2 protein chains.
Amino acid sequence: MPTGAKRTATRRLPLNRGRVLRAALEIADKGGSESLTMSNVGQKLGVESMSLYRHVRNKEDLLDGIVDIVYSEIELPPSGVSWRTSMRRRAISAREVLARHPWAIGLMESLTRPGPANLRHHDSVLGVLRGAGFSSAAATRAYNLLDSYIYGFALQEAHLPFGTPEELAELGKSMIPQLSSEEFPFLRQVGIDLVQSGFVYANEFEPGIDLILDGIERRVRLKS
Amino acid sequence: MPTGAKRTATRRLPLNRGRVLRAALEIADKGGSESLTMSNVGQKLGVESMSLYRHVRNKEDLLDGIVDIVYSEIELPPSGVSWRTSMRRRAISAREVLARHPWAIGLMESLTRPGPANLRHHDSVLGVLRGAGFSSAAATRAYNLLDSYIYGFALQEAHLPFGTPEELAELGKSMIPQLSSEEFPFLRQVGIDLVQSGFVYANEFEPGIDLILDGIERRVRLKS
DNA sequence: ACCTGAACACCGTTCAAGT
DNA sequence: ACCTGAACACCGTTCAAGT
């Protein structure tokens, strides 16, 4: 009788939207968005892919759902500190979350149909900026500047073929010799210099955010 | 005899990589990346999808190819002007090209396997910055700041459900009433203000680039 | 109430066979 | 030399039928 007991037990846990979305998110985290198929999600839950359609309308709905979960992981901008500190903390959290779920960056179409976590997040950010005296136009501009930088940084980071200086060094060893000094002299030289100085892409994020916060303070905050 | 003459004539044009890539690019421009299937590309060329494999290794190769074409459309940074002017012109061109080919932004994975246009572009940008006295580290930082902003801006622009103030107004009419004043007060207010003032997202790009160029001038150019 | 077998339309891709 | 028919493995999705 105990034959297949475990499988049956696993099955007994009733399926629901939350379990489906969590399974999908784990699959995407592990294998990227191309591994996220309805069939894989079903398998992870001990169920056929067709069963999922009772809990999500279709794959698009599933993607919207997991993108909103990712959004919910981003720290809301703290209150009780200056707008700069608050925006800085939020930006760092956002990049961290996107680095953890790199597949999510390419799924921004979902923002056309924002989920509840997304809306709440937007409202909080705008609240902090408005509370610090930004006009609606200035708050929008500041928000857009920060998010453009954050998403663009994350987008590039997600597709970087190296992370650690060691990986960069390895990549440099194989790539740099292929860059002819006549055709790509600057690329070659900069590549050599970066490898030699142990460049770490991730360290570039905070100086960039500070530069942008500076500009916002200086040019955006009290405008219109 | 003239039966099918035209079709035959079209077929006579020998297939080659360039024709395949150009057809693929047109399809993506017209219908987005989800309409870009091997079958559609073949159809556009009067050929079965299997014939394409003589000219591209596989679909990934085809995507790499069209992304590099997109890259080639971005204006190289002009020389003979200040680094700021040069970077500004390049940035504006890059955003314009990405707005014309919004599907390309999600295909950045291809940057792991950069094509010739991509390499040439990188080399030119680094050349301008190095020529203006930027160290390798400073040039990398400046380049990364600009590109993060450009890509992030384009990524958001590509998924914006509105372009013109009229579209924004229409969207506002349908969305704003759904935002409860208790749950999303700031989002609601900012939405109302933006609609009322005729906000145009695209106009935000240049002030943002100028803010970043300012920061680079001030903080990055002469460092390390 | 919840799950699935069978079926469909559509992908990318290979390869032997056609011209 | 260039193209294609047939075939395969894999998608997302619907729906009638099962428990």
Side-chain angles (χ1 to χ4, degrees), chain A residues 1 3-25 27-28 30-67 103 106-107 109-110 113, chain B residues 1 3-25 27-28 30-67 103 106-107 109-110 113:
Chain A
M1 288 104 143
T3 307
K6 201 157 186 185
R7 203 164 107 260
T8 305
T10 310
R11 280 228 190 115
R12 269 288 168 272
L13 261 180
L15 226 50
N16 59 44
R17 191 167 216 267
R19 290 224 306 141
V20 170
L21 295 182
R22 245 170 293 131
L25 193 130
I27 288 170
K30 197 161 297 175
S33 55
E34 75 279 16
S35 73
L36 181 54
T37 67
M38 299 303 273
S39 165
N40 281 343
V41 176
Q43 200 175 323
K44 175 145 211 155
L45 294 163
V47 128
E48 298 299 317
S49 66
M50 301 83 95
S51 306
L52 304 174
Y53 288 86
R54 201 149 284 272
H55 304 100
V56 295
R57 218 185 313 281
N58 48 34
K59 194 176 183 185
E60 200 184 18
D61 183 33
L62 182 147
L63 294 178
D64 287 354
I66 61 177
V67 167
W103 48 267
L107 261 42
E109 317 102 61
S110 308
R113 304 170 294 274
Chain B
M1 292 106 145
T3 306
K6 200 156 191 184
R7 202 164 105 261
T8 307
T10 310
R11 279 228 192 115
R12 269 289 167 273
L13 262 181
L15 225 48
N16 59 42
R17 191 168 217 267
R19 290 224 307 141
V20 170
L21 295 182
R22 245 170 294 131
L25 192 128
I27 288 170
K30 196 161 298 177
S33 55
E34 75 279 17
S35 72
L36 180 54
T37 66
M38 299 302 273
S39 166
N40 281 343
V41 176
Q43 200 174 325
K44 175 146 212 154
L45 294 164
V47 129
E48 299 298 318
S49 65
M50 301 84 95
S51 306
L52 305 174
Y53 289 86
R54 201 149 284 272
H55 304 101
V56 295
R57 217 185 314 283
N58 48 34
K59 194 176 182 185
E60 199 184 19
D61 183 33
L62 182 147
L63 294 178
D64 287 355
I66 61 177
V67 167
W103 48 267
L107 261 44
E109 317 102 60
S110 309
R113 305 169 293 273

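This is a predicted model, so every value here is computed, not measured. Lettering of chains follows the sequences in order, A, B, ..., and the numbering in each one begins at 1.
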*asked:* Could you tell me the Watson-Crick or G-U partner of dG18(C), where both distances fall under 3.5 Å? Say none if there is no partner.
replied: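 Looking at the geometry, dG18(C) pairs with dC2(D).
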*Watson-Crick or G-U wobble mate for dT13(C), both contacts under 3.5 Å*: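 Across any shown strand, dT13(C) pairs with dA7(D).
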*Any donor-acceptor pair under 3.5 Å linking the side chain of His55(A) with the backbone of Leu15(A)?*
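Yes, because the side chain of His55(A) sits within donor-acceptor range (under 3.5 Å) of the backbone of Leu15(A).
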Which heavy atom of [X] sits nearest to which heavy atom of [Y], and what is that distance?
{"X": "Trp103(B)", "Y": "Leu25(B)", "answer": "CZ2-CG, 4.1 Å"}
{"X": "Ala28(B)", "Y": "Leu36(B)", "answer": "CB-CD2, 4.3 Å"}
{"X": "Val56(A)", "Y": "Leu21(A)", "answer": "CG1-CD2, 4.4 Å"}
{"X": "Val41(B)", "Y": "Ala23(B)", "answer": "CG1-CB, 4.3 Å"}

From [options], nucleotide with atom closest to [X] side chain:
{"X": "His55(A)", "options": "dC3(C), dG12(D), dG12(C)", "value": "dC3(C)"}
{"X": "Tyr53(A)", "options": "dT13(D), dT4(D), dG12(C)", "value": "dT13(D)"}
{"X": "Thr37(B)", "options": "dG12(D), dC3(D), dC11(C)", "value": "dC11(C)"}
{"X": "Arg54(A)", "options": "dT13(D), dT13(C), dC3(C)", "value": "dC3(C)"}

Whole angstroms only, please: what is the [atom1]-[atom2] distance between [X] and [N]?
{"X": "Lys59(A)", "N": "dC10(D)", "atom1": "NZ", "atom2": "C1'", "result": "12 Å"}
{"X": "Gln43(B)", "N": "dC11(C)", "atom1": "CD", "atom2": "P", "result": "10 Å"}
{"X": "Glu60(A)", "N": "dC11(D)", "atom1": "CD", "atom2": "P", "result": "19 Å"}
{"X": "Glu48(A)", "N": "dC11(D)", "atom1": "CD", "atom2": "P", "result": "13 Å"}
{"X": "Met38(B)", "N": "dC11(C)", "atom1": "CE", "atom2": "C1'", "result": "11 Å"}

_Within the 4.0 Å heavy-atom criterion, would you say Met50(A) contacts the bases, only the backbone, or no part of the nucleic acid?_
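It contacts base atoms.
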_Residue closer to the 5' end of DNA chain D, Arg57(A) versus Leu52(B) (nearest nucleotide)_ =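 Of the two residues, Leu52(B) wins.
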*Short side-chain N/O contact to dC2(D) OP1/OP2 from Ser51(B), under 4.0 Å*: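 So the side chain of Ser51(B) is outside the cut-off, no N or O lying under 4.0 Å from OP1 or OP2 of dC2(D).
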